[in-house]
Amino acid sequence: MSNELPVSNFIRHIIDSDLASGKRTSVVTRFPPEPNGYLHIGHVKAININFGIAQDYQGLCNLRMDDTNPEKEEDEYAAAIEADVHWLGFKWSGDVRHASDYFDQLYAYGEELIQSGKAFVCDLTPEEVREHRGDFVKPGKESPYRNRTPAENLDLFRRMKAGEFADGSKTLRLKIDMGSPNLNMRDPVIYRIKREHHIKTGDKWCIYPMYDYTHCISDALEGITHSLCSLEFEDHRPLYDWVLDNITIPCHPQQIEFSRLETLYVVTSKRKLKQLVDENLVTGWDDPRMPTVTGMRRRGYSPEGLRLFVQRAGVSKTPNVVDFSALEGAVREELEESSPRVIAVLDPIKVTLTNFEAGVTTSRTAPFHPHHAEWGEREVPIAPVIYVEREDFAEVPPAGWQRLTPGGEVRLRYSYVIKCDEVIKDAAGNVIELKCSLDPATLGQNPVGRKVKGVIHWISAEHAIQADVRLYDRLFTEARPDAVRGEDGQYVDFKQFINPESLKTVTAYVEASVKDAPPETRYQFERLGYFVTDRKEHVPGQKPVFNRTVTLKDTWAAKEAK
RNA sequence: AGGGGAGUCGCCAAGUUGGUUAAGGCAUCGGAUUUUGAUUCCGACAUGCGAAGGUUCGAAUCCUUCUUCCCCUGCCA
């Protein structure tokens, strides 16, 4: 369960040996999202690793907005990120940090680099920079501006900051090695001119530092010991180290890279998620079908379930793809333990109990959870007219069928055994009503002389309340919706694989005990799955709205499908 | 003159300095219990570690060669 012991992984090994050797005496990590989109399932892994490791080693973990590109960043995203991390159950050390908190220091280090002859102002255009960079097999060419004097560079850099030059006309570059086989080391740009309103610093700056330069210094300023990031930054590590080795800074965090978490039947690219939102293919970033943290939250996934999932996925450098069902399994497993059980009928058939006798036919109570007696019980009232699930009746049952069938018997959950005596159909031949008789000797006890194996759920027509229930299924029909190639060898638009059945809304009958549940209350609807009252649209006592989080495991359906 | 990574069961993943029968989880398949076809419980599940050679009493771990996949040519992060 959620308290499984952390499994050994290569990052823990590194930390263990750093602590043992005295290289480090504490652990400080950080989660550094760019506030340019919503957090998704992949981020949950990074969050869990960074906050989890800090927790396990009695260390600290900072939350830092990596806000160095004002063109893309918005307050809305920053606020959502904070809310998501908090909801996932993590507490960051101190206030939320921002890379922009360090703009002054970053700038000062820029001047230091210039003065030590390790950075220069370059007038090359973006196209020229690209040409000079060379490529994988060709070394780059040095910029003609590379040999400006420190004094000249300093003057130019100060004037860049003062706003004397047009956007994009000049950059500050590191003087490293245009011949390096690592393209990141070919005199990388560390400052660009960009007149853009920043979410934190407003219009104070017209020059903004680049990621590679900002990230390592921000880490060092915060006293980060282990800077954990994903694999694509491996090539950037030499630059991370170079910057810290060439400025006056007392701290040098170690960057360690791990592989991202990919999930089948999901897209996680910010661009693609945004497309789904912008083109109204989903209702928003928090649509319960979205793999965003806020979407999964609305779907009813619990923080514990999400954490269990990423913990099970493990930490390594192996590129990995985890099936979506593993996510559903972890969520289900955690919900099994934590959700009260209630009864709902999603697709009703009317059943008339022909021998119901007022005052004689009685009800039982039922526990809210089979293993949590302390959660109490509620009455499950019976009446002459009840509803059962359409799926639980078959006129011509397949082999192995354990539910209702003409002439057959079945147990009504927490109530009597009934027998179907008559099937009533409309003109079109659809079953519209079942007439059943109950065996009065079977309330709370097994019938004598015969075995009734099947148990179905049901609800009293007069006691039930109506609720909107949204039945969600996975958003895509393809395991890798963004990796399907057509006959021409080109990628097919991933939006073609949207599952038309990913949302069905029904009006269901639910037992009255859920009537006043606040939003985001999770239940198991017995035999159906886990459901949550909608975070936005559910109104307690007035308008019940449920989202299906995930179905129960169904070995019968699996067998049927074969 | 390319560089950086990764290949252990269907999916993850432990295994670190070579030492007994290659952890564990998920999935799957049996079976038991069950008034949720759920849960729970038992059992099965890699003569094999990308491939081929080699070193060794002994190799997933060391050496050689080969092979497959991923990342990198933003004034994005």
Peer 1: Does A:S8 have a side-chain nitrogen or oxygen under 4.0 Å from the phosphate oxygens OP1 or OP2 of B:rG15?
Peer 2: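 Result: yes.
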Peer 1: Determine, for A:Y491 and A:R485, whether the Lys NZ or Arg CZ falls below 6.0 Å from the six-membered ring centre while staying within 45 degrees of the axis.
Peer 2: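 Flagged: A:R485 positioned over aromatic ring of A:Y491.
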Peer 1: What interatomic distance, in whole Å, is found between P of B:rU39 and the corresponding atom of B:rA13?
Peer 2: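 That atom pair is separated by 25 Å.
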Peer 1: With a non-hydrogen cut-off below 4.0 angstrom, is A:G179 in contact with a base, only sugar-phosphate, or nothing?
Peer 2: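 The residue A:G179 makes base contact.
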Peer 1: With P as the reference atom in both, quote the distance from B:rC69 to B:rC26 in angstrom, rounded to an integer.
Peer 2: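 The same atom, P, in both gives a distance of 32 Å.
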Peer 1: Can you sort out the partners of A:H43 under side chain to side chain donor-acceptor pair (under 3.5 Å), two or more places apart, ordered by chain and number?
Peer 2: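 By the side chain to side chain donor-acceptor pair (under 3.5 Å) rule, A:H43 matches no residue at all.
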Peer 1: Among residues at least two apart in sequence or on other chains, which ones pass ring-ring contact (aromatic ring centres under 6.0 Å, His included) with A:F165?
Peer 2: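 With sequence neighbours excluded, A:F165 shows a ring-ring contact (aromatic ring centres under 6.0 Å, His included) to no residue whatsoever.
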Peer 1: Do A:R332's NZ or CZ and the ring of A:Y530 fall within the cation-pi criteria of under 6.0 Å and 45°?
Peer 2: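 No cation-pi geometry.
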Peer 1: Using atom P in both nucleotides, what's the gap between B:rG15 and B:rU55 to the nearest angstrom?
Peer 2: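 Pairwise P distance, B:rG15 against B:rU55, rounds to 30 Å.
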Peer 1: Counting the atoms with a prime plus P, OP1 and OP2 as sugar-phosphate, which does A:V321 contact under 4.0 Å by heavy atoms, base, sugar-phosphate, or nothing?
Peer 2: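 Contact class for A:V321: sugar-phosphate only.
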Peer 1: Test A:Y509 against every option in A:W458, A:Y387, A:F525 by the ring pair (Phe, Tyr, Trp, His ring centres under 6.0 Å) rule and name the one that passes.
Peer 2: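 It is A:Y387; the other options fail the test.
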Peer 1: Specify the separation, in whole Å, of atom CD1 of A:I418 and atom P of B:rU35.
Peer 2: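 Computing the A:I418:CD1 to B:rU35:P distance gives 18 Å.
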Peer 1: On RNA chain B, nearest-nucleotide positions of A:E234 versus A:V322: which is more 5'?
Peer 2: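 Result: A:E234.
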Peer 1: Using the P atom as the point on both nucleotides, what is the distance between B:rC45 and B:rG30, in whole Å?
Peer 2: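 Pairwise P distance, B:rG30 against B:rC45, rounds to 15 Å.
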Peer 1: NA contact type, A:R186, heavy-atom cut-off 4.0 Å: base, sugar-phosphate, or nothing?
Peer 2: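 Base: the residue A:R186, judged by heavy atoms under 4.0 Å, touches a nucleobase.
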Peer 1: Nearest-Å distance, NZ (A:K317) to C1' (B:rA14)?
Peer 2: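 Interatomic distance, NZ of A:K317 to C1' of B:rA14: 17 Å.
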Peer 1: Quote, to the nearest angstrom, the C1' distance that separates B:rC29 from B:rG2.
Peer 2: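 Straight-line distance between the two C1' atoms is 50 Å.
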Peer 1: Among residues at least two apart in sequence or on other chains, which ones pass ring-ring contact (aromatic ring centres under 6.0 Å, His included) with A:H369?
Peer 2: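 A:H371, A:H372, A:W375.
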Peer 1: Listed by chain and number, what are the side chain to side chain donor-acceptor pair (under 3.5 Å) partners of A:E127, not counting sequence neighbours?
Peer 2: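 If we apply the side chain to side chain donor-acceptor pair (under 3.5 Å) test to A:E127, skipping adjacent residues, the hits are A:T125.
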Peer 1: Using the P atom in both, what is the distance from B:rA60 to B:rG50, to the nearest Å?
Peer 2: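 My reading of the P atoms in B:rA60 and B:rG50 gives 10 Å.
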Peer 1: Please report the distance, rounded to the nearest Å, between CD in A:E328 and P in B:rA27.
Peer 2: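 From A:E328 CD to B:rA27 P: 11 Å.
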Peer 1: For nucleotides 72-77 of chain B, give me one character per nucleotide, 5' to 3': B if any protein heavy atom sits under 4.0 Å from the base, S if the only such contacts are to the sugar-phosphate, - if neither.
Peer 2: BBSBBB
Peer 1: Classify the nucleic acid contact of A:V315 as base, sugar-phosphate or nothing, counting any heavy atom under 4.0 Å across all strands shown.
Peer 2: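 Sugar-phosphate, no base atom in range.
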Peer 1: Base, sugar-phosphate alone, or nothing: which one does A:R364 contact when heavy atoms must sit under 4.0 Å apart?
Peer 2: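 The answer is base, as A:R364 lies within the cut-off (heavy atoms under 4.0 Å) of a base atom.
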Peer 1: Enumerate the residue pairs fulfilling ring pair (Phe, Tyr, Trp, His ring centres under 6.0 Å) with a member in residues 171-193 of chain A, sequence neighbours excluded, ordered by first and then second residue.
Peer 2: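 Residue pairs with at least one partner in residues 171-193 of chain A: A:F157-A:Y191, A:Y191-A:Y213.
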Peer 1: What distance, rounded to whole Å, do you find between the two C1' atoms, one in B:rG58 and one in B:rG18?
Peer 2: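 One C1' to the other, the span is 8 Å.
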Peer 1: Between A:H198 and A:Y208, how do the two ring planes meet: parallel, tilted or perpendicular, split at 30° and 60°?
Peer 2: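 Plane angle under 30°, so parallel.
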Peer 1: Quick one: A:Q255 CD to B:rG4 C1', roughly how many Å, whole number?
Peer 2: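 My rounded result for the distance is 12 Å.
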Peer 1: Please state how far atom CD in A:E257 lies from atom C1' in B:rG4, giving the value in whole angstrom units.
Peer 2: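 Interatomic distance, CD of A:E257 to C1' of B:rG4: 10 Å.
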Peer 1: Encode nucleotides 36-44 of chain B as B, S and - characters from 5' to 3', where the letter depends on protein heavy atoms closer than 4.0 Å: B to the base, S only to sugar-phosphate, - to neither.
Peer 2: BBSS-----
Peer 1: Quick one: list whatever passes ring-ring contact (aromatic ring centres under 6.0 Å, His included) with A:H236, sequence neighbours left out.
Peer 2: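 If we apply the ring-ring contact (aromatic ring centres under 6.0 Å, His included) test to A:H236, skipping adjacent residues, the hits are A:F233.
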Peer 1: Syn or anti for B:rG74? Use the chi torsion, O4'-C1'-N9-C4 for purines and O4'-C1'-N1-C2 for pyrimidines, with syn inside 90° of 0.
Peer 2: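 Base orientation relative to the sugar is syn.
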Peer 1: Could you give the CZ-to-C1' distance, from A:R411 to B:rU34, as a whole number of Å?
Peer 2: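 Result: 13 Å.
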Peer 1: Could you work out the separation of B:rG24 and B:rA44 based on their P atoms and round it to a whole Å?
Peer 2: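 Nearest-Å result for B:rG24 against B:rA44 at atom P: 11 Å.
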Peer 1: Test of understanding: with ring-ring contact (aromatic ring centres under 6.0 Å, His included), list the residues that count as partners of A:H226, not counting sequence neighbours.
Peer 2: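 With neighbours one apart ignored, the set is empty.
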